[in-house]
There are 2 protein chains.
Amino acid sequence: MKKIKVKALSKEYPVYIGNKIFSSISNLIVEHSLTKNLFVVVDKNVLELHPGCVSAFNKNKFNKINILVFDSSEKNKNSKSVERIYNSLIKNNYGRDSVVIAIGGGITGDIVGFAASTFGRGVQFVQVPTTLLAAVDSSVGGKTGINFGATKNLIGSFYQPDFVLIDTSFLRTLPEEEIICGIGEIIKYAFLSDQKLFDDIKINFKKLFNLNSAVTAKTIETCVRFKAGVVEADETESGLRKILNLGHTFAHAFEVEQNYEIKHGQAVAVGLVCALFLSNQLGFINSRNLDKYLGLPFLFQGKINFESCNVENVFNIMLRDKKSREGKIKFVLLTEPGKLLIDVEATKEQVIRSIEDGVSYFI
Amino acid sequence: MKKIKVKALSKEYPVYIGNKIFSSISNLIVEHSLTKNLFVVVDKNVLELHPGCVSAFNKNKFNKINILVFDSSEKNKNSKSVERIYNSLIKNNYGRDSVVIAIGGGITGDIVGFAASTFGRGVQFVQVPTTLLAAVDSSVGGKTGINFGATKNLIGSFYQPDFVLIDTSFLRTLPEEEIICGIGEIIKYAFLSDQKLFDDIKINFKKLFNLNSAVTAKTIETCVRFKAGVVEADETESGLRKILNLGHTFAHAFEVEQNYEIKHGQAVAVGLVCALFLSNQLGFINSRNLDKYLGLPFLFQGKINFESCNVENVFNIMLRDKKSREGKIKFVLLTEPGKLLIDVEATKEQVIRSIEDGVSYFI
C-alpha cells in the first residue's frame, strides 16, 4: 500500500493506493482517530458490483454505521440529493461527531463531500474513489460541488478529506466509457506535467486502456503526486491550481450543451483538443507541435461520439462558467507539456473556431 | 474608527468600529483590494430605515453593483433564501470574482455568508452588522448557517469575511426587543470574560439599554476583542471556542420550541439563567454565588415573555442539537465569570429541572 501525503494549508492528509486494500478501512479510521459514528454513502452501481464494500466495515470497532445508497448521475448532482443526505443524517441522529464516507466516482465524492462540509458546519470525511477518473483527480484536493441552474459545480466548497483510499480492484468492473473518462483526465496530467509523462502515457495507452495492473497503479500514483503538489501550492485556486482546469472550460460547456449525455472525462478529452487548437491559433504552439500533441488525445477517436453540437450554445454556456471574469472567458493554454498559461483571453471568433476544430475530430 | 484584527487560521481580517463610518465602505473595499463586482444583500427593514446604506457606494470605483433586498426572519433562514441569492448572482452574471456584502442583523449575515462561502466555492465577503447582537457576536468569527428541518443553523460553514464594518449609527433605529437581544449576548461575554466585565455590564446596564454612545462603542469593542481571541485560538470550534455556546444549547431549543416567536438574544438570556441553575445543581456554583450571578440576567425580568413552554419538548429538541454527541447533550457551564467548563453531561432530570427553574423567572 502506497501512501502519498497531501499537505494542504487547511489540512494534511494521506492518499493510500493499492490493490485490494479496502478491507483496511476500519483500521485506517481507527488509526486516524476519527469518530466512531460512520455514515457511508455508496454509489448504487458500486454496491451491486462490490457488495463487500459495505460488509467490510468491522462493526465491533464503531458505535454505529448507516448506509445510504446514491444513484449517481450528473442530473442527480443537485441540492435535492444533498438534502437527502442531510435528512438521512438527521433521521439517524448523527451530530457533529460523525465521519461521512463516500464510496463511488467523482459525482458521488463531490456531492457527499459538499454535504460533509456543510452538515453541522463540517464533519469528518473519507473519500473512496471507485473510478479511474475519481482516483486520479476529483478525490484529491478537496473540491466539492453540485450543479446549480445551468452551471456545473457552481455551488460547492474547498474541504479536504481526512484520508483518501484508492483500491484499484474497484476499477476491474468499470465499463469502457468510464475507462475512457479516466484516461481523458490522465492525458490532461500528461500535458501539465512534462514531456516524459506525455511520452509514457502515449506509449502505455493500450495498457492503461486494458487496466494493466502495474501501469494503472503507477499512473494513478504519478497523477496523485502531481495534483498533491499543485494543491499544496494553491489550495483554493487563486493561481497555480488553475492549470488543473486545462481543457475544462470547454469540457464543462460540452457537458451542459449535451445535457450530460457526454461524460466528464470524455468531454475533457475533447476539451483538451480544443485547448490545443486555441493555443495554436493564438501562436503559443506551432503547427508541427500541434500535430505532435494532438496525437495523444486523438487515440480516443472513434471512442467518443458527439451526435451533434451547437457551437454557439457551447460558447454561451462558457460565458456563464463560474471561472469567467467580467463577461470574459479565461482559458488555460499551453506552449508545451509542462508549460502552461493561465487566464488567457480570446475573441469570440477564436473560441468558436477552436470548438469547431476540436469537435470535428470526434463527430 | 477603531480597528481590531482577527487572526484566524484561514484568514486575517479587521473589524472596523465607529460612528457614521459606513460612508467609508467604498474606500475600504478598494483598500482591501477586493474585486470591483459588488453584490449587496440588505435587510428590508434596514433599507427602509437607512436608505443611504445603498446609495453610499461610490459607483465610479466599481464595475457593477447589484442590490438584493432580503426579508430577514428565522423562518426565511433556509435553503430557499440561499437559492434566491444564487439565482440573483447568476442572473446578473456574477462569477468567482465577486464580493458579496451583507448589511443587516445576524440572520442576514449568516445566510449571506453561507451563500458567499458556497457560490463558486467561495467569493469575497464583507459583513456590515446593523444590530447590537450581530455587532458583538455573529458578524465576527466566520460562522455561517441556515436552519434545516427542525434544527437551527444545522447547515453552514466556517468562512471568514474580508472585513467587518460596525457602524453604531445603525443601532439608533433598533426596536427595544433587538436591544434586549444584543444585551443578552453581551451578558454572555460578561460570564465568559471576568468579574470586571461582569461588574461593568451590570453597572452600565441602563446606559447600554439606552444605547449611550460611549458605553455602547466600548462594550462592542470589548466583546469583539474577546471573541477575536477565542476564534484565533480555535477557529473551527474543536475546543475553546465551545465556550461561546454558553446558554446556547438551551437557547436554540427555546427558539425552535417557541416556533421562533422568541428572538435569539432573548432566548440566550433565558438560556444563561438555565445554565446557571444547572451549574448550581451539579455543584459548580454554590447558592450564594448563584444569586449573585443571576442578578445580571434577572435585569431582563419583565422584558422577555414566554407565553408557555413545553419543557419535555425543549429537552427533546436539545437532543437533536448539532452539538449533541452520541445522543448525549453537552453543556457549557461555569464556576465563576471567566471559568468555564465544556462538554459537561447531565441527566435528563437535571436538565429538565434547570429548564423549569430558568423559565419560571420569565413566564
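Interatomic distance, NZ of A:Lys80 versus OG of B:Ser79, reported as 12.5 Å (0.5 Å rounding). Distance check: B:Phe158 CZ to A:Ser157 OG gives 13.0 Å after rounding to the nearest 0.5 Å. Distance NZ/B:Lys330 to CG/A:Asp97: 8.0 Å, rounded to 0.5 Å. Rounding to the nearest 0.5 Å places OG1 of A:Thr118 at 5.0 Å from CZ of B:Phe114.
A:Leu9 CG: 12 or fewer foreign heavy atoms inside a 6.0 Å radius. Under a cut-off of 6.0 angstrom, the local environment of CD1 in B:Ile90 is crowded, with over 12 non-hydrogen atoms contributed by other residues, nucleotides or ligands. Around the NZ atom of B:Lys7, the shell of radius 6.0 Å holds no more than 12 heavy atoms that belong to other residues, nucleotides or ligands. Under a cut-off of 6.0 angstrom, the local environment of NZ in B:Lys11 is crowded, with over 12 non-hydrogen atoms contributed by other residues, nucleotides or ligands. Around NZ of A:Lys59, the count of heavy atoms belonging to other residues, nucleotides or ligands within 6.0 Å does not exceed 12.
For chain A, the nearby parts of B:Lys143 are the backbone and the side chain; heavy atoms of each come within less than 4.5 Å. Interface residue A:Ser117: only backbone heavy atoms are found under 4.5 Å from chain B.
A:Arg121 places no side-chain N or O within 3.5 Å of a backbone atom of B:Ile155 that could act as its donor or acceptor partner.
You'll find the side chain of B:Leu154 stays beyond 4.5 Å of the side chain of A:Tyr86, heavy atoms only.
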